K.L.:
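Mind having a look at this structure? Questions to follow.
The structure presented is a predicted model; accordingly, all values stated were derived computationally and were not measured. Order of appearance sets the numbers: ligands from 1, and atoms from 1 within every ligand. For the single chain, residues carry numbers from 1 onward in sequence order.
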Amino acid sequence: MLISLYNSNICLINTKTESYEVSEIIELIKKVPKAELHLHIEGSLEPELMFGLAKRNKIKIPFRSVDEIKTAYNFHNLQSFLDIYYQGAKVLISEQDFFDLTWAYLLKSKEDNVVHTEIFFDPQTHTDRGIKFDLVINGIHRAILKAEKELGISSKIIMCFLRHLDEQSAFKTLDQALTHKDKIIGVGLDSSEVGYPPSKFERVFNKAMEEGFLTVAHAGEEGPPEYIWEALDLLKVKRIDHGVRCLEDEKLVQRLKDDQIPLTVCPLSNVKLCIFKKLKDHNLKKLLNKGLIAMVNSDDPAYFGGYLNTNLIECQMALNLTKEDIKRLVINSFRSSFLSEDEKKKWIDQINYLV
Ligand code: HPA
Ligand code: ZN
């Protein structure tokens with residue numbers, strides 16, 4: 001009896017200590033300045049805004065309520081998500097709609113203490129419906145200028161090609177981007193991965209690089225490590241988006257380390273799309289322990305259950321991330337960003353001061 005009481009006391013003390021430390025780490029996650037490098041602006045379309053825009057633009061959507069939308073967000077793979085995501089994007093019609101969408105994301109970023117964002121947009125999702133490229137980019141750009149002034153958040157814009165569409169469509173999209181070079185820092189590759197290898201877009205990416213765009217690509221989310229090799233060797237990417245399947249290939253891990261190629265990991269997205277069964281099974285910590293430059297991002301927060309802080313907090317709890325892990329993740333995000341070296345240093349110095 002005495003022994004068991006003694007034991008349970010010890011247990012209580014341990015629990016107290018642990019819970020104190022966890023809450024301290026969570027506070028740190030909330031207050032530390034952060035950068036987000038993997039965010040699809042169309043994936044930040046919250047159900048409430050979807051309804052509002054559908055009404056404003058007199059567009060029929062196949063849902064009767066916000067609750068009905070939320071129950072539809074049960075995905076079994078990337079494609080099952082994309083089918084709903086492209087459906088949702090149909091409510092976006094005017095420049096004001098793209099402004100409102102982006103502004104709403106930037107307000108959420110402010111709440112999370114995100115001070116720098118690199119935003120993906122998918123022009124073909126809109127131009128294929130007859131929406132003008134210029135209107136899309138101008139709406140997004142107007143919102144990021146306002147956020148720079150009013151919220152103190154800096155942003156870059158990355159234009160993604162849809163890999164399920166053909167090379168000709170990507171070339172046409174690149175052409176449309178040329179008059180907006182001042183607003184777009186780079187090009188990326190997204191949408192259905194398996195069956196659409198990066199090699200399909202080698203010529204488009206070459207042209208984009210000649211025009212001065214930086215390159216990134218989604219690879220190794222559902223697709224095999226070979227797609228990551230192709231993104232590195234053929235598309236000359238500065239970062240791999242997702243990349244979680246790299247651990248299946250030791251030589252690839254070495255290459256990513258040698259070339260210091262960051263992985264923009266999206267943990268809640270990976271669980272929602274069944275890349276990992278549970279967050280506890282996610283390989284984020286393994287990636288860090290291998291010495292890879294990984295960081296946490298929200299991908300499509302309106303569809304996957306949370307913005308950047310929620311991703312970090314849920315990862316902390318599921319994977320027992322330490323203060324040092326969190327510090328590394330947030331430093332990695334600034335280090336991997338397309339900010340100038342001076343700007344990177346400014347934020348990293350602040351993090352070092354805080355943590
Ligand atoms: N993967 C590929 N394409 C996408 C994603 C993603 O996670 N989100 C939006 N488009
Ligand atoms: Zn993505």
Side-chain angles (χ1 to χ4, degrees), residues 35-46 50 73-90 92 98 101-102 105 117-128 136 140 156-165 169-170 173 186-198 200-201 215-224 227-228 230-231 235 237-246 262-276 279 282 284 294-308 311 333 336-337:
E36 171 142 78
L37 309 182
H38 185 156
L39 178 282
H40 302 262
I41 201 64
E42 295 88 351
S44 70
L45 177 60
E46 290 288 344
M50 194 191 291
Y73 291 176
N74 251 320
F75 314 114
H76 52 274
N77 59 17
L78 174 58
Q79 194 58 51
S80 64
F81 154 69
L82 291 170
D83 293 342
I84 290 201
Y85 163 86
Y86 293 130
Q87 181 73 34
K90 288 184 184 163
L92 297 158
F98 286 93
L101 173 70
T102 311
Y105 164 66
T117 72
E118 302 196 351
I119 297 177
F120 293 134
F121 79 115
D122 291 341
Q124 289 151 298
T125 299
H126 314 298
T127 52
D128 278 12
V136 177
I140 298 170
K156 309 275 183 202
I157 302 177
I158 300 171
M159 171 180 94
C160 284
F161 301 114
L162 299 182
R163 64 207 303 162
H164 69 273
L165 299 180
S169 171
T173 305
V187 299
L189 191 62
D190 66 2
S191 190
S192 326
E193 188 180 5
V194 176
Y196 305 98
K200 195 181 151 188
F201 296 94
T215 63
V216 297
H218 282 55
E221 177 186 16
E222 275 189 346
Y227 285 19
I228 303 179
E230 283 191 10
L235 309 187
V237 295
K238 298 272 184 266
R239 303 194 291 246
I240 295 284
D241 295 312
H242 292 294
V244 289
R245 287 194 59 190
C246 71
L263 306 178
T264 65
V265 176
C266 307
L268 288 182
S269 160
N270 291 156
V271 173
K272 269 282 193 183
L273 303 188
C274 307
I275 312 289
F276 298 94
L279 203 50
H282 199 284
L284 175 68
M295 90 295 298
V296 168
N297 305 271
S298 69
D299 206 4
D300 301 281
Y303 292 87
F304 298 150
Y307 288 77
L308 188 53
N311 267 270
S333 64
S336 312
S337 72

K.L.:
Would you call the rings of His164 and Tyr196 parallel, tilted or perpendicular, where under 30° means parallel and over 60° means perpendicular?
P.N.:
perpendicular
K.L.:
Which heavy atom of Ile275 sits nearest a heavy atom of Glu222, and at what distance?
P.N.:
CD1-CG, 3.5 Å
K.L.:
For Tyr73 and Ile84, which heavy atoms make the closest approach, and how far apart are they?
P.N.:
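In terms of heavy atoms, the two residues are closest at CE2-CG2, 3.7 Å.
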K.L.:
Work out which heavy atom in Leu162 is nearest to a heavy atom in Ser191; give both atom names and the distance.
P.N.:
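Looking at all heavy atoms of both residues, the shortest contact is CD2-CB, 4.0 Å.
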K.L.:
So that I can tick it off, tell me whether Glu193 and Arg245 are bridged by a salt bridge, with the cut-off set at under 4.0 angstrom between side-chain N and carboxylate O.
P.N.:
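The answer is no: the pair does not qualify as a salt bridge.
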K.L.:
What is the NE2(His40)-the Zn ion (ligand 2)-NE2(His218) angle, to the nearest 10 degrees?
P.N.:
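Computed angle, vertex at the Zn ion (ligand 2), rounded to 10 degrees: 90°.
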K.L.:
Using the side chain to side chain contact (heavy atoms under 4.5 Å, CB included) rule, take Arg163 and His218 through it: C-alpha gap first, then chi angles, then the decisive distance, then the call.
P.N.:
CA-CA 10 Å; Arg163 64 207 303 162; His218 282 55; 3.8 Å; yes
K.L.:
Apply the side chain to side chain contact (heavy atoms under 4.5 Å, CB included) test between Phe120 and each candidate in Asp300, Asp241, Val187, Ile41; give the one that qualifies.
P.N.:
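Going through Asp300, Asp241, Val187, Ile41 one by one, the side chain to side chain contact (heavy atoms under 4.5 Å, CB included) with Phe120 is satisfied by Asp241 alone.
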K.L.:
Rounded to the nearest 10°, what angle sits at the Zn ion (ligand 2) between OD1 of Asp299 and NE2 of His38?
P.N.:
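That angle works out to 80° after rounding to 10°.
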K.L.:
Heavy-atom contacts with ligand 1 below 4.0 Å: which residues, ordered by chain and residue number?
P.N.:
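Contacting ligand 1 under 4.0 Å are His40, Leu78, Phe81, Leu82, Tyr85, Asp190, Ser191, His218, Glu221, His242, Asp299, Asp300.
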